[in-house]
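In what follows, a single structure is set out as C-alpha cells and then discussed.
What's counted below: heavy atoms across the whole structure, side chains too, no hydrogens, waters or symmetry copies. Lettering follows sequence order; numbering is per chain, from 1.
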There are 2 protein chains.
Amino acid sequence: MIENNEKYEQLDEETLFIVSQTFKALSDPTRIRILHLLGEKECNVSEIADELSLMQSTVSHQLRFLKNLRLVKFRRAGTTLFYSIDDEHVMTLLNQSIHHARHD
Amino acid sequence: MIENNEKYEQLDEETLFIVSQTFKALSDPTRIRILHLLGEKECNVSEIADELSLMQSTVSHQLRFLKNLRLVKFRRAGTTLFYSIDDEHVMTLLNQSIHHARHD
DNA sequence: TTATTATATGAATATATGCTCATATATGTT
DNA sequence: AACATATATGAGCATATATTCATATAATAA
C-alpha cells in the first residue's frame, strides 16, 4: 500500500504573528509611502506630512505604529524628531515588491 | 547658497495599489497558513480545512480572495478542486519573511 | 431523476483599521 | 514665567475585514 506519510509542519504561533504583523505594516498605502520616503532620506514629521500631503496627526499615528514594530527609529534635535528606517530587511521586502509590481 | 535640489519621486498610484494589495494578502494569519500549506503540496479545499482546522466556508472565502489576486490557481478533478500556488514571487516574499522571523 | 459529495456564495455580525479633530506634552526662546 | 513650535495622543466615526451560518451550485453516482 502506497501512502504519503510525510506530516506537514505547521507554522508556529509566534512566527505566524511576526510575519502577519510585518506584512500588515506594509499593507497600507500611507505606511508604504512613509517608508518609501524614509528609504530616500531621513525626515522629520512635518517634512513627511508636507511631502506626502498628509495631516500631521495621521503621520504621527502611523509613525507610532511603525516605531512599535521597530521598522523606524528617530533622533531628536530640539523639538524636531528626525525619523529614519530601522529595519533594512523589511525595506528589502518592500523594494522587491515595488520592483515586481512595476515589471509585470 | 547650498541647497538640496533633488526632488523626491513619489510612488505612482498603480504601484502603490498593487504593492499594498499584495502585502494585504500576506497580512492575515489564515491566508499565510493556507499559502504556506500550498507551498508544500497541492491540496483540495477539504484537505486545507482539515489540515488547518478551519471551516470549509472560511477556506473557500480566503481561496477566492487569493485566486482574485492570482496568488493561487486550481484544477478540477470531478467535484474536487485542487489548489496550488500561482505566484512564486509572492511565495518568495513570504518565505523570506518566515525565515527572517525565525532567525532574529 | 434523486441522492451524494465537494465547493462556493450571500447575509449577518463582530472586530479591526485609518483618519480627523481637539488637545496634551515637550523643548526651546524671550 | 509666558509663548511658540513640533510632535504625540485619545476619542469618535466611518469603513474594511474575517468568520460563521445557511443555502446554493456543480459534478458524479445509483
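Counting to the nearest Å, the P atom of D:dT7 and the CG atom of A:Leu54 are 14 Å from each other. For the pair B:Asp28 CG and C:dA16 C1', the interatomic distance rounds to 12 Å; values are reported in whole Å. For B:Phe74 and C:dT7, the CZ to C1' distance is 10 Å, given to the nearest whole Å. The CG atom of A:Asn68 sits 13 Å away from the P atom of C:dT17 (whole-angstrom rounding). For the pair A:Met55 CE and D:dT7 C1', the interatomic distance rounds to 14 Å; values are reported in whole Å. Distance CD1 (A:Ile34) to P (C:dC19): 8 Å, rounded to an integer number of Å. Rounded to an integer number of Å, the gap from B:Phe65 CZ to D:dA16 P is 13 Å. Distance B:Leu63 CG to C:dT7 P: 10 Å, rounded to the nearest Å.
Counting atom types as modelled, B:Gln56 pairs no side-chain N or O with a base atom of C:dA6 as donor and acceptor under 3.5 Å.
Hydrophobic clustering of Ile, Leu, Val, Met, Phe, Trp and Tyr side chains at less than 4.5 Å, counting indirect connections, keeps B:Leu35 apart from A:Phe17.
Put simply, A:Thr80 has no side-chain N or O that comes within less than 4.0 Å of OP1 or OP2 on C:dT27. The side chain of B:Gln62 places an N or O atom within less than 4.0 Å of a non-bridging phosphate oxygen (OP1 or OP2) of D:dT19. Look at A:Thr79 and you won't find any side-chain N or O under 4.0 angstrom from OP1 or OP2 of D:dT5. Distances shorter than 4.0 Å separate some side-chain N or O of B:Tyr83 from OP1 or OP2 on C:dA8.
Heavy-atom distances to DNA chain C give each of B:Lys67 and A:Lys24 a nearest nucleotide, and the one nearer the 5′ end belongs to B:Lys67. Both B:Val59 and A:Thr30 lie near DNA chain C, and the one whose nearest nucleotide falls closer to the 5' end is B:Val59.
Taking only side-chain atoms of B:Ser46, from C-beta outward, the nucleotide of D:dT7, C:dT7, D:dA18 with the closest atom is C:dT7. Listed nucleotides C:dA8, C:dA26, D:dA8 differ in distance to A:Arg76; the shortest reach to its side chain belongs to C:dA26. Which of D:dC21, D:dA18, D:dG10 sits closest to the side chain of A:Arg64 comes down to D:dG10.
Between B:Arg33 and B:His36, every side-chain heavy-atom pair lies at or beyond the 4.5 Å cut-off. With contacts defined as side-chain heavy-atom distances shorter than 4.5 Å, the pair A:Arg102/B:Ile18 does not qualify.
Summarising the geometry of A:Ala25 relative to A:Leu71, their closest heavy-atom pair is CB-CD1, 3.7 Å, with the distance given to 0.1 Å.
The stacking criteria are not both satisfied for B:His61 over the base of D:dT19, which would need a centre-to-centre distance under 5.5 angstrom and an angle between ring planes under 30 degrees.
Base contact: B:Ser57 has a heavy atom under 4.0 Å from a base atom.
Ring pair A:Tyr83/A:Phe74 is tilted by interplanar angle, where 30° to 60° counts as tilted.
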